[in-house]
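Every chain is numbered from 1 and lettered A, B, ... according to where its sequence line falls, protein lines coming before strand lines.
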Protein chains: 2
Amino acid sequence: MATMQDVADRAGVSAKTVSRVFNDDPHVLPETRERVSEAMRTLNYVPNVLARTFRAGRSSSVGVAVPDVVDPFFAAVVRAVERVCSASGITTLVTSIGDDPAREKPVLEALLRTQLMGLVLAPVAADHAWLAPWTEHTPIEFVDRAPIDLDADSFVEDDRHGSYLATRHLLEHGHTRVAFLADQTHPPSSRRRLAGYTEALADAGLPLDERLIAFDAGSDDGAARELERLRRLTDAPTAAFSSNARVTMHAFSALKRAGTAFVGFGDFPMADRLTPSVSVIDQDPARLGRLAATRALERFNAPKARYEASTVVPVGLTVRRSCGCP
Amino acid sequence: MATMQDVADRAGVSAKTVSRVFNDDPHVLPETRERVSEAMRTLNYVPNVLARTFRAGRSSSVGVAVPDVVDPFFAAVVRAVERVCSASGITTLVTSIGDDPAREKPVLEALLRTQLMGLVLAPVAADHAWLAPWTEHTPIEFVDRAPIDLDADSFVEDDRHGSYLATRHLLEHGHTRVAFLADQTHPPSSRRRLAGYTEALADAGLPLDERLIAFDAGSDDGAARELERLRRLTDAPTAAFSSNARVTMHAFSALKRAGTAFVGFGDFPMADRLTPSVSVIDQDPARLGRLAATRALERFNAPKARYEASTVVPVGLTVRRSCGCP
DNA sequence: TTGTAGGCGTTATCAA
DNA sequence: TTGATAACGCCTACAA
C-alpha cells in the first residue's frame with residue numbers, strides 16, 4: 001500500500017504537498033498538482049483511513065444497535081440510519097444486541113470505544129445509567145424505547161394512543177371482552193400499550209379484567225396456550241389486541257382458529273396477504289431511524305445546541321379484515 | 001479521556017508498562033500490575049481503539065455488504081456474520097448496497113478503505129474485476145451470488161437443483177404447463193434457476209415454452225400483469241415456479257386469485273401461515289453467512305493456505321399447500 | 001507556493 | 001522486569 005511519502009518521493013515533492021493535493025487545498029500550483037496526481041495514479045494511492053481517523057480523533061461512523069436486524073421493524077430502522085449517514089459519507093456500524101439484556105453493556109461498550117460520531121440505540125436492557133459518561137463524548141439517540149435513568153434523546157411511537165385506537169376500534173365492533181396479548185420484551189412500551197388499552201375500555205365504561213391479559217404470547221406454543229386459557233374462561237373474549245408484531249405473528253394461527261377478531265400493534269410483511277388480512281397500528285420505523293440519525297449528526301456538529309429530548313411519533317390504524325371489518 | 005501516559009504518570013511507571021498490563025503481558029511484577037490497574041480504575045482508562053487500530057494497521061472489523069438489510073434473507077446473512085465475528089471480538093460494518101449496481105463500487109470502496117479484516121459480499125453489480133487489487137489485502141467472500149470476472153471464494157445455494165426439485169414436484173402433480181416467474185435481479189442465479197426448471201421439464205419429456213417465462217414479476221403490479229398475460233395464453237399454465245422469495249411475495253395474491261399451484265424458491269416469514277401456505281425451496285441464509293464469515297477470518301489468519309473456492313450449499317423442498325399437496 | 005517539525009496514542013525493539 | 005525511543009500515516013502550525 002502506497003503512502004503519501006511514496007507518492008511524494010515519486011513526484012519529487014514533500015508529503016505535505018501530496019496531502020494538499022489530496023484535500024483539494026488551493027495553494028498548490030496546477031503543474032505541481034498534476035505531477036502529484038500522476039504519481040498518485042501510477043502508485044494507485046489510497047489514503048489510509050485508519051491514520052486519518054486516528055489523527056482526527058474521531059471515526060467517521062455512526063453506530064446502530066438493535067435487538068435483532070432480522071426483525072423487519074429494526075431492519076427498517078437500520079436502513080434509515082444507513083441512508084441518512086451514507087448521504088454524508090458516514091459509515092454505519094450495525095450490531096444486533098440479541099434478547100439477553102446482559103449482553104447489552106459489553107456490546108455497546110465495544111461500539112462506543114471506537115469513537116463513534118453517534119449511536120442510535122434500541123435497547124433491550126432496563127437500565128442505562130452506566131451510559132452517562134459516554135454521552136459526554138458521543139450523542140446517544142434512543143429509538144423505539146426510551147432511556148431509563150439516563151438523560152438522552154428518544155424517538156418513540158405513540159404507544160398509548162395506538163393501543164387506544166386499536167382497542168376502541170374493536171369495541172366499536174361491539175366486542176365487550178377484548179383480550180390483551182403481550183410477551184415479556186421491553187416492559188416500558190408494554191406498559192404504555194396496556195395503559196392505552198385500559199383507557200379505551202374505561203372510556204367505553206368497561207372494567208379491566210386481569211384474566212384477559214396474556215403475557216406469554218411471544219411464541220407459537222405460548223400463544224396457543226394463552227388462547228386456549230382465554231377460550232375456557234366463563235366469559236371468553238371475542239376479540240384481542242396484540243401488543244406487538246412479534247406476538248401478532250406468533251398468535252395469528254391460534255387467533256384465526258378461534259375466530260377471534262383482532263388488531264395488532266405494528267405492521268409486518270405479508271400482513272395484508274394473510275387470511276384474514278391483519279388490521280394493524282401502523283408504525284413508521286424508517287421515520288424513527290431517520291430522525292434519530294439526523295439528530296445524532298446534528299448533535300455531533302453542534303454539541304451545545306439545545307434539542308427536544310423526547311419525540312413521540314404518531315401512529316395510525318390500518319384497517320384490514322382481522323378486526324371484523326367487511 | 002485518559003491516555004496511557006496519564007495512567008503511567010499516576011502509577012509512576014512508563015507508558016509501555018501500562019500497555020503491558022493492559023495486554024496481559026506476563027512480564028510485569030504483580031505489585032506493579034496492581035498499581036497500574038489501580039490507576040486505570042481511578043482514571044477510568046479506556047484504550048483508544050483508533051490508535052490501536054492505526055498502530056496495528058488493520059481494523060478489527062469485518063464488512064458485510066448486501067443489497068438490502070430489510071430483506072429477511074440478507075438480514076439472516078448479516079446476523080450470522082455478526083454472530084461469528086462477535087464471538088472473536090470483531091465488529092461488523094454493515095452496508096446496504098441498494099438496487100442500483102452503479103452504487104456498488106463506491107460503497108464497497110468506502111468500506112474497503114477502512115482496512116477491513118474481511119468482506120462478506122452479496123453483490124448487485126455484474127462485474128467484479130475492479131476488486132482484484134483489493135483481494136490482495138482483504139479476503140472477499142461472495143455469498144448468494146458468485147463473483148464475475150474475479151477470483152474469489154463464493155458460497156451459494158444450489159440454484160439449479162432447487163429449481164429442478166420445485167419444478168419436478170409440480171410436474172409430479174400432473175401439471176404440464178408450468179410458468180417460470182422471475183424479476184430482473186441478479187441474472188446469474190436467475191439463469192441457473194431457469195436451467196434447473198428447463199432440465200426438469202426435459203426430464204419429463206416436456207418442451208420449454210418461452211411464453212411461460214415471466215421476467216417482470218418483481219412487483220405487485222408486474223406480477224399481476226404477467227399472470228394476466230399467462231392466463232390469456234391459449235394453453236395457459238396451471239402451475240408456476242417462482243424463482244425467488246421477493247417474486248413469490250409479490251405474486252402471491254395474483255397466484256391465489258388465479259388458482260395456480262405454485263412453489264417458490266426461498267422461504268419467507270409467514271409463508272407457512274398464508275392461505276394457501278406456500279411450498280418453498282428452503283435456503284439457509286444463516287449458513288451461508290456463517291460459512292463466509294468463518295472463511296474470511298480463516299483467510300485473514302492464514303492468507304497463504306489453500307481453500308475450496310466455490311461452496312455450493314444444498315437446498316431442500318419444504319412441502320406446504322400451495323403446490324396442491326393436501 | 002512549498003516544506004519542516006511535531007504530535008495524535010499505542011506498541012515493537014532493544015537496551016538497561 | 002522495566003523503560004527510552006522510534007514508528008505507524010496523516011495533518012496542523014509555522015517557517016521559508
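- Residue B/G12 is the one, among B/G12 and A/A15, whose nearest nucleotide of DNA chain D lies closer to the 5' end (criterion: closest heavy atom).
- Here the nucleotide nearest the side chain of B/R55, chosen from C/dG3, C/dC8, C/dA12, is C/dA12.
- Whole-Å rounding puts the A/D9 CG to C/dG3 P distance at 12 Å.
- Put simply, A/S19 has no side-chain N or O that comes within less than 4.0 Å of OP1 or OP2 on D/dC10.
- Remark: side-chain polar atoms of A/S59 are paired, donor with acceptor, to backbone N or O of A/Q115 under 3.5 angstrom.
- Listed in residue order, the members of residues 20-41 of chain B having a heavy atom less than 4.0 Å from DNA chain D are B/R20, B/H27, B/V28, B/L29, B/T32.
- For the pair A/F54 CZ and C/dT10 P, the computed distance is 8 Å after rounding to whole Å.
- Taking every side-chain heavy atom of B/N48 into account, C/dG9 is the closest of C/dT11, D/dG9, C/dG9.
- The minimum heavy-atom distance linking A/A122 with A/F74 is given by the pair CB-CE2, 3.7 Å.
- We find that CE of B/M4 is positioned 13 Å from P of D/dG3, with the value rounded to whole Å.
- One atom, CE of A/M1, and another, P of D/dC8, lie 16 Å apart when rounded to the nearest Å.
- The nearest whole Å value for the distance from the CD atom in A/Q5 to the P atom in D/dC11 is 13 Å.
- Listed pair B/Y45 / C/dT10 meets the phosphate criterion, a side-chain N or O lying under 4.0 Å from OP1 or OP2.
- Side-chain N/O atoms of A/R55 and A/N48 include no donor and acceptor closer than 3.5 Å.
- If you check D/dC11, D/dA4, C/dT4 against the side chain of B/S14, the one that comes closest is D/dA4.
- The minimum heavy-atom distance between A/E308 and A/R295, with the atom names listed, is O-NH1, 2.8 Å.
- Looking at heavy-atom distances under 4.0 Å, A/R52 makes contact with sugar-phosphate atoms alone, never a base.
- Side-chain polar atoms of B/S96 and A/E82 form a donor-acceptor pair below 3.5 angstrom.
- Of all heavy-atom pairs spanning A/G98 and A/V124, the tightest one is O-CG1, 3.4 Å.
- Donor-acceptor pairing under 3.5 Å, judged by distance alone, is absent between the side chain of B/K16 and the base of D/dA4.
- At the heavy-atom level, B/T17 lies under 4.0 Å from the strands shown only through sugar-phosphate atoms.
- Using a distance-only test at 3.5 Å, with no hydrogens or angles considered, a donor-acceptor pair links the side chain of B/R35 to the main chain of B/A11.
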